[in-house]
Every structure is written in structure tokens, then in C-alpha cells.
Amino acid sequence: MAVSSAAVQPRPSILSRSLSLLADSRNALGFGFMLPAAALLLVFLTYPLGLGIWLGFTDARIGRPGIFIGIENYQYLSDDAVFWLSVFNTLLYTISASILKFALGLWLALILNQNLPFKSFFRAIVLLPWVVPTVLSAIAFWWIYDSQFSILSWALMEMGLIDHRINFLGDPVNARASVIAANIWRGIPFVAITLLAGLQTIPQSLYEAATLDGASRWQLFRFVTLPLLTPIIAITMTFSVLFTFTDFQLIYVLTRGGPVNATHLMATLSFQRGISGGQLGEGAAIAVAMIPFLLAAILFSYFGLQRRKWQQGGGD
Amino acid sequence: MKFTRRDVIRTTAGVAAGALGSRFVGSSAFAQEGLTYKPEDGAKLRMLRWSPFVQGDEDQWLANTKRFTEATGVEVRVDKESWEDIRPKAAVAANVGSGPDLMLVWFDDPHQYPDKLHDVTELGEYLGTKYGGWHDGPKQYATREGKFLGLPLATIGNAIVYRESWVKEAGFSEFPKDTAGFLELCKALQAKGHPAGFTHGHGVGDGNNYAHWLLWSHGGQMVDESGKVTINSPETLKAIEYAQELYKTFIPGTESWLDVNNNRAFLAGELGVIANGISVYNTAKTNKDNDPKLAEIAKDMRTTSLPIGPVGKSVELFQVTTAVIFDYTPYPNAAKAYLQFMFEEQQMAEWITSSAGYCCQTLKAFENNPVWTADPNNAAYAKASATLRPNGYAGPLGYASAATMADYVLVDMFAKAVTGQATAQEAMEEAEKRANRYYRV
């Protein structure tokens with residue numbers, strides 16, 4: 001009697017058949033590979049964000065969970081002069097610092113893109129402010145801006161240019177300018193090095209062709225460099241704006257938000273109210289109020305990057 | 001979190017105390033029944049304290065801790081953080097229910113999360129009875145509704161620190177005792193090129209100490225006994241007007257100062273008068289052998305209490321630190337045994353001595369510690385616990401008083417007015433509005 005080969009082989013179990021089906025399914029595999037990343041995002045990003053948003057709708061305090069109070073925290077904040085001052089400070093800080101970081105960073109990137117002697121050395125040096133921990137550089141600036149021991153005041157007085165020390169962090173206008181300057185110093189390397197990377201991807205042949213067509217240096221920059229650099233500018237400036245908008249350490253070390261809240265950013269005020277003051281709900285509400293601004297920056301980047309025509313120098 | 005029942009063993013009279021001698025303790029000290037906590041098996045403790053301003057404090061604290069470990073076998077790991085970072089760390093520990101078993105916290109912290117702290121009423125009452133009672137101010141920070149949320153450990157005194165020769169040069173044979181005379185002195189010092197400097201910036205310690213002294217010495221108060229905001233008052237107006245006059249005599253830039261600026265400027269010889277803890281004097285004294293300039297400054301430094309204002313008595317905030325045990329600790333008995341050991345006479349007396357005047361005793365029996373007479377400059381800090389007025393006077397301690405201080409409401413009120421960003425009336429009204437946000441019911 002003939003025995004078929006199928007009869008001697010054991011039947012695959014339901015589990016192994018299911019696994020085999022899953023392995024053959026492109027969608028199921030994709031989902032499976034995505035799961036670890038999704039779990040990480042859920043645990044470390046979505047949950048804290050969701051918790052923060054929830055806390056903003058409660059009267060939670062340190063050591064007390066709090067109850068849902070709707071938009072009461074936001075109503076209180078809408079009538080709080082210090083909160084609005086911090087919004088103004090944050091916008092001023094972010095816009096001024098970002099524009100100057102972009103201008104100076106691009107300029108530095110263009111210089112570093114030239115054939116300079118010791119090019120690699122200079123490129124490494126430029127990164128230093130970015131590499132040094134913010135708290136350390138903030139402490140250095142604390143000395144530089146000290147009302148009694150500032151080296152800047154001392155140098156200017158020695159040169160006979162001023163006759164009294166500059167009140168860097170005591171005067172509201174000076175204090176804002178000083179913290180913006182410190183942020184610019186720290187942020188330029190990120191912009192410069194990233195834009196330099198972008199500059200190096202532009203083919204030399206395009207410059208040669210444009211030069212043969214009689215393009216001036218300005219025209220080379222305007223019609224070759226800038227359009228091809230636009231995608232990297234968009235992403236760099238998005239990150240730069242996000243970093244600047246959420247800055248905390250520099251202000252915390254230099255002024256604690258003083259004088260009279262003139263340098264309080266939303267992030268520092270959120271910490272002061274939420275942690276030091278124990279009003280978790282209100283602190284969270286201030287932090288949540290930052291989200292629309294951050295979202296706007298992200299959307300700008302997203303739509304900017306999607307416009308291929310625009311990226312390549314065309315109009316809309 | 002629930003724990004097994006406390007394993008408290010009462011023993012007969014004076015077990016620990018009797019062995020430790022009674023050099024600094026009043027006669028009633030050892031008439032009490034002893035109290036002993038038996039640490040849990042395998043107990044290990046982690047404690048977070050503030051970084052020391054006087055090295056002797058930390059050295060002695062660690063030496064006492066080592067002694068405790070030798071006596072009980074309970075390991076204690078002592079971590080430290082900058083004093084301004086203690087509040088956020090404690091807040092996070094209380095909120096998430098995880099972290100150090102014990103902490104040395106500041107001001108009204110225990111009142112912000114009373115439910116998260118282990119009740120140490122038994123130990124607090126035992127120590128109070130044994131060592132002549134607790135001073136009222138520090139006790140208020142550590143107790144709520146009659147229960148001890150922690151043990152009042154020390155008050156960090158604040159006093160006028162000045163250069164004696166410069167005060168004399170300004171025409172004052174002795175330091176003025178009242179606010180009017182003090183203003184005249186500051187004017188004279190400024191004319192001689194040795195101005196005063198008091199913190200108008202967001203310095204948690206110095207900024208708040210100065211602002212509260214200005215307010216209280218003129219009879220103003222943030223709230224009344226019921227917690228109703230009363231900062232908008234004629235007394236506050238007088239305090240602001242006084243601050244405006246005083247500010248004109250200051251070295252420029254005090255509105256940007258944090259806690260360390262006045263020390264630094266004083267030790268550099270830029271200032272004739274500041275208000276500070278004794279740490280500034282200790283810095284000069286301990287470094288005088290390496291720095292002739294510091295030696296000269298240390299020799300010329302004098303300390304005295306802040307001048308008395310129209311209110312007619314000395315009223316100051318100071319910094320109070322309380323030792324708390326978090327309720328989540330798996331070793332509450334070990335933690336209580338540790339605190340008891342650290343508060344018993346030998347340890348506490350040595351710790352106060354080694355702190356060189358920085359930490360003022362909260363238990364009355366230690367008032368005669370020799371440290372207060374060892375150096376004439378220490379005397380101004382000896383009564384800190386006895387004379388302090390708690391934050392948020394005259395209202396209750398709690399989240400509102402803590403939040404009002406954390407938001408620098410009072411500091412900003414004075415800073416805004418003295419720098420001309422607002423009139424005295426406007427600054428006062430803004431402070432009232434800001435305080436009302438926290439004292440809302």
C-alpha cells in the first residue's frame with residue numbers, strides 16, 4: 001500500500017501557521033517592526049505630553065493630585081501680567097536670537113566653506129560653544145555680565161570709552177539684550193555647522209556654469225547657493241527656533257527671570273510656578289500654552305519642506 | 001502607603017541622654033523617659049541635604065552619621081544638592097513617591113505636602129520636652145494641626161555685616177540700631193565711596209530676607225491672620241518709600257543680584273554694608289592665611305542685627321530648614337532612629353559648634369553652645385530661631401505662602417518701585433493682585 005508523503009509529515013500547529021501567515025504579510029510585518037518605536041514614543045513622548053495637558057486642566061499641587069477645573073488655569077493666566085510679560089519675553093527672545101543666529105551662522109558657514117588654511121581646525125573650534133554644557137557657559141556669562149566684576153565693563157572703562165560699569169542684568173532692556181546675546185553665542189555653531197554641511201552638497205559645477213554665464217558673487221549666492229540651501233535652512237531654523245523657544249538653563253542661571261521678571265521666559269515661569277511654587281496645574285498650563293507656538297514652527301517646517309518647487313528656487 | 005506598626009520601645013529614663021553628658025542642657029533635660037526606635041532589619045537610608053555653606057557643618061554631620069552607622073549598623077548615604085535645588089527635588093519626591101528617605105527641606109515645604117510626610121510627633125514632643133522646648137518660629141514650619149511633619153533642624157540667621165573702619169570713617173561710632181539712623185549711615189557710606197548693597201534680584205535667600213525685613217519692620221504684612229491679603233496698606237507704602245531712599249545709596253546693579261553677589265562684592269572690598277549669613281565672615285576668616293586682603297577684611301568685619309523699624313522690634317524672615325521623613329520610606333523606624341540620634345545632645349551640640357554660627361539651634365537647651373561666644377561676630381546669629389517670623393505672616397503657612405514667596409511677589413514689589421518701573425502705589429497694588437491669585441479660596 002502506498003503511503004502519501006503528506007500523511008507522514010506532522011500537521012503544522014495553528015500558532016506556527018499564524019506566524020507563517022504573519023511573516024508573509026507585508027502589512028503585519030511592518031506593524032510589528034513599528035511597535036517598539038511606537039511603544040517608546042507612547043511612553044516617553046505621548047504620555048508625558050498628555051499628562052501635561054491634563055494637569056493644565058486641574059488644580060493639582062505638589063503632593064495633591066487635583067481635580068478637573070476646566071480652563072480655570074488659563075482664565076487666571078489670561079489676567080496675569082507676569083504671564084503675558086513672559087510670552088512677550090519669549091517671543092522677543094526667540095525671534096531676535098533666531099534671526100541673528102541665522103544671519104551670523106550663515107555668514108560663518110560661508111566663510112568656513114572657503115578654502116581657508118587650517119580649515120578643519122577652525123570648523124572644530126566653531127563648535128565649542130555648542131559642545132560646552134549650557135550651565136557652564138551660562139556661568140561664564142554670569143561673570144561677564146556681573147554688575148561689579150564684568151570684564152566687558154572693566155575693559156571699556158580701561159579704554160576710556162565709559163565712565164561707569166554697565167548694568168547688564170539689572171536694567172530690563174540691557175538684561176533682555178544680554179540674555180539674547182548669550183543665547184546667540186551658544187546657538188551660532190549649530191546653525192553654522194549644519195548650513196556648512198548643506199553648502200558642501202551643492203555641486204561645484206553649478207557655480208562654474210553660473211560663473212561662465214557672467215554671474216556676480218551676489219548672483220551666485222542668490223540664484224545658486226540660497227535656493228539649494230533652502231531645505232536645510234528650513235530644518236535648521238525649525239530646530240533653532242524650538243531650542244530657543246524652550247530655553248531654560250541660561251535664564252535660570254543668569255537672572256532667575258529677573259530683574260522684576262524682565263527676562264522670564266514661559267519655560268522658566270512654568271518651572272517657577274509649577275515646581276518651586278508647588279502649583280503643578282498652573283505650571284503645566286503655562287507649558288501647554290507654549291505648544292501652539294511650537295506647533296506653528298513645526299508646521300512651517302513641514303509645509304516648507306514639502307514644497308519641492310520652492311526648495312529648488314521656484315515660486316509657489 | 002501603609003507600614004507595619006511602629007516598633008517603638010520605650011525604655012527607662014535617660015538611656016541616650018545620660019550617656020551623652022549635659023554640658024549644654026538645662027536641668028530638666030534628663031528627667032524624661034527615653035525613647036528608642038528599633039531600625040527595621042536590613043534597613044538602609046538615603047538622605048538628601050543642602051550643600052554646606054560652612055564646611056564644618058557637613059564634616060560634623062557626616063561624622064555624626066558615621067557614629068550612627070557604627071552604633072546601629074544602619075548605613076546612611078548622605079547626598080547633597082545646591083540649597084535652591086532642594087525644593088524642586090523634594091517636590092518631585094513627594095509627588096512621585098520615590099527618592100531619598102529623608103530630606104532637609106526649607107521654609108514651608110512640609111506644609112505643601114503634609115500627607116506625604118511621616119508623622120514624627122512622638123519624636124518631636126520627646127525632643128522638645130527633653131531639650132527645653134522648641135523655638136516657636138522653626139516649630140511653626142515643622143508642625144501642622146498639632147502634628148510634627150518633620151523636625152525643625154536649624155535656622156540660618158541673617159545679619160548686617162559691615163566694615164567697622166568704614167562706618168567710623170563715615171562718622172558713626174557705632175552701628176545705628178534703627179532704620180532712620182541706618183539710612184543716614186548708608187548715605188554717609190556712599191559719600192565715602194563704600195556703599196551698601198542689598199539684594200533686589202531673585203535671590204531666594206538674600207532677596208526674600210531683605211524684602212521681608214523692609215515690609216515687617218514698617219508694620220506691613222502680606223496677609224492677616226485669616227489669610228486675607230493686606231499688603232496694600234499705609235505701612236507697606238512707608239516700607240516702599242523707605243526702600244526707595246535706601247536704594248539710592250546702593251552700589252548699582254543690586255536689582256540683578258542673586259544670592260552670591262553681595263558676598264562676592266563685599267569680599268572684594270566694594271561694599272561697606274550687606275546683610276548675610278555668617279558664611280561670608282567664615283569665608284574671609286578661613287582664607288585669611290592665603291590672602292592678605294581677605295585677612296584685612298576679616299579683621300575689619302563686624303556683624304549686628306538688622307535695624308529696628310517703626311514697628312519697634314526686630315522682625316526677620318531667616319531661612320529655616322526642617323528634617324523630614326517621606327512616608328514612602330520602607331524604613332521609618334530607622335529614619336526616626338537616625339534623626340533622634342542626630343538631635344541628641346552630643347551630636348547636636350557638636351554639629352552646632354562645627355557649623356561656626358551658620359546653623360542656629362531650634363531647641364532651647366542648646367542656646368548656651370560655646371560657639372555663640374567663641375567669636376564676637378557669631379553673637380548676631382545666636383537668636384535667629386528665637387526672633388524669626390515665619391513666611392506669610394500673619395497668615396497660616398501652606399501652599400499659598402510658599403507660592404507667593406516662590407513667585408517673588410514681595411521681592412518684585414520693592415524692586416519695581418525702587419528702580420522706578422512703578423510708583424510705590426502701583427507696585428503695592430500689583431503685589432496685592434499677584435498675592436490674591438495664591439490666597440484665593
Side-chain angles (χ1 to χ4, degrees), chain A residues 55 59-66 72-73 76-77 79-83 85 139 142-143 145-150 153 164-172 174-175 178-179 251-264 268-269 271-280 282-283, chain B residues 84 87-92 94-95 97 108-109 111-117 197 200-204 207 251-261 264-265 268 270-271 398-400 402-409 411-417 419 421-422 427 430 433-434 437-438 440:
Chain A
L55 282 174
D59 63 352
R61 295 192 201 121
I62 295 293
R64 201 191 76 172
E72 197 176 305
N73 282 326
Y76 270 107
L77 287 174
D79 190 34
D80 177 12
V82 178
F83 169 71
L85 181 61
I139 289 172
W142 192 35
W143 277 102
Y145 293 149
D146 192 283
S147 51
Q148 273 73 50
F149 306 104
S150 165
S153 290
H164 61 276
R165 294 167 183 145
I166 301 169
N167 192 3
F168 285 106
L169 299 177
D171 175 76
N174 287 356
S178 300
V179 293
I251 302 296
Y252 193 72
V253 172
L254 286 178
T255 63
R256 296 275 197 287
V260 200
N261 304 311
T263 60
H264 244 320
T268 50
L269 187 67
F271 178 82
Q272 182 174 297
R273 297 261 171 95
I275 303 297
S276 306
Q279 316 257 334
L280 282 180
E282 190 176 322
Chain B
E84 290 168 330
R87 175 167 276 189
K89 294 264 178 184
V92 171
N95 228 40
D108 356 33
D109 283 350
H111 292 261
Q112 293 211 61
Y113 33 81
D115 301 341
K116 309 288 179 184
L117 301 175
H200 274 299
H202 285 182
V204 185
I251 197 167
T254 55
E255 58 279 4
S256 70
W257 280 8
L258 302 180
D259 280 315
V260 76
N261 291 73
R264 215 157 57 186
E270 300 266 332
L271 294 169
Y399 84 90
T404 305
M405 183 195 272
D407 214 24
Y408 300 102
V409 173
V411 174
D412 286 348
M413 179 185 81
F414 284 110
K416 206 161 186 174
T419 54
Q421 293 178 51
E430 190 187 306
K433 196 174 173 189
R434 288 177 65 187
R437 299 181 70 250
Y438 297 114
R440 68 191 187 227

Let me confirm one number: the [atom1]-[atom2] distance from [X] to [Y], rounded to the nearest 0.5 Å.
X: A:Gln279; Y: B:Arg437; atom1: CD; atom2: CZ; answer: 8.0 Å
X: B:Asp407; Y: A:Asp80; atom1: CG; atom2: CG; answer: 7.5 Å
X: B:Glu84; Y: A:Arg256; atom1: CD; atom2: CZ; answer: 4.0 Å
X: B:Ser256; Y: A:Asp146; atom1: OG; atom2: CG; answer: 7.0 Å

Most contact-rich option vs chain B, by heavy-atom pairs under 4.5 angstrom, among A:Ala262, A:Ser276, A:Gly278, is A:Ser276

One option among A:Ile275, A:Asn261, A:Thr255 has the most heavy-atom pairs under 4.5 Å with chain B, and it is A:Asn261

Which region of [X], side chain (C-beta onward) or backbone (N, CA, C, O), has a non-hydrogen atom less than 4.5 Å from a non-hydrogen atom of chain B, or is it both or neither?
X: A:Phe168; value: neither
X: A:Phe149; value: side chain
X: A:Leu254; value: backbone
X: A:Pro65; value: neither

Interface check, chain A: of B:Ile251, B:Val204, B:Thr419, most non-hydrogen pairs under 4.5 Å belong to B:Ile251

Of the listed B:Ala94, B:Gly207, B:Ala265, the one with the largest count of heavy-atom pairs under 4.5 Å with chain A is B:Ala265

Identify which part of [X] has an atom lying under 4.5 Å from any heavy atom of chain A, answering side chain, backbone, both or neither.
X: B:Asp108; value: neither
X: B:Glu270; value: side chain
X: B:Lys116; value: side chain
X: B:Val260; value: side chain
X: B:Arg434; value: side chain

Between B:Asp412 and A:Val260, the two heavy atoms sitting closest are OD1-CA, 3.8 Å

For B:Gln421 and A:Pro172, the nearest pair of non-hydrogen atoms, with its separation, is NE2-CG, 3.7 Å

ask   = Donor-acceptor pair, A:Gln148 side chain versus B:Pro252 backbone, under 3.5 Å?
value = yes

| request: Check step by step if salt bridge (charged side-chain N to carboxylate O under 4.0 Å, His left out) holds for A:Arg64 and B:Asp115. | output: CA-CA 9 Å; A:Arg64 201 191 76 172; B:Asp115 301 341; over 6 Å; no

- Do B:Tyr438 and A:Arg273 come within less than 4.5 Å of each other through their side chains, counting heavy atoms only? yes

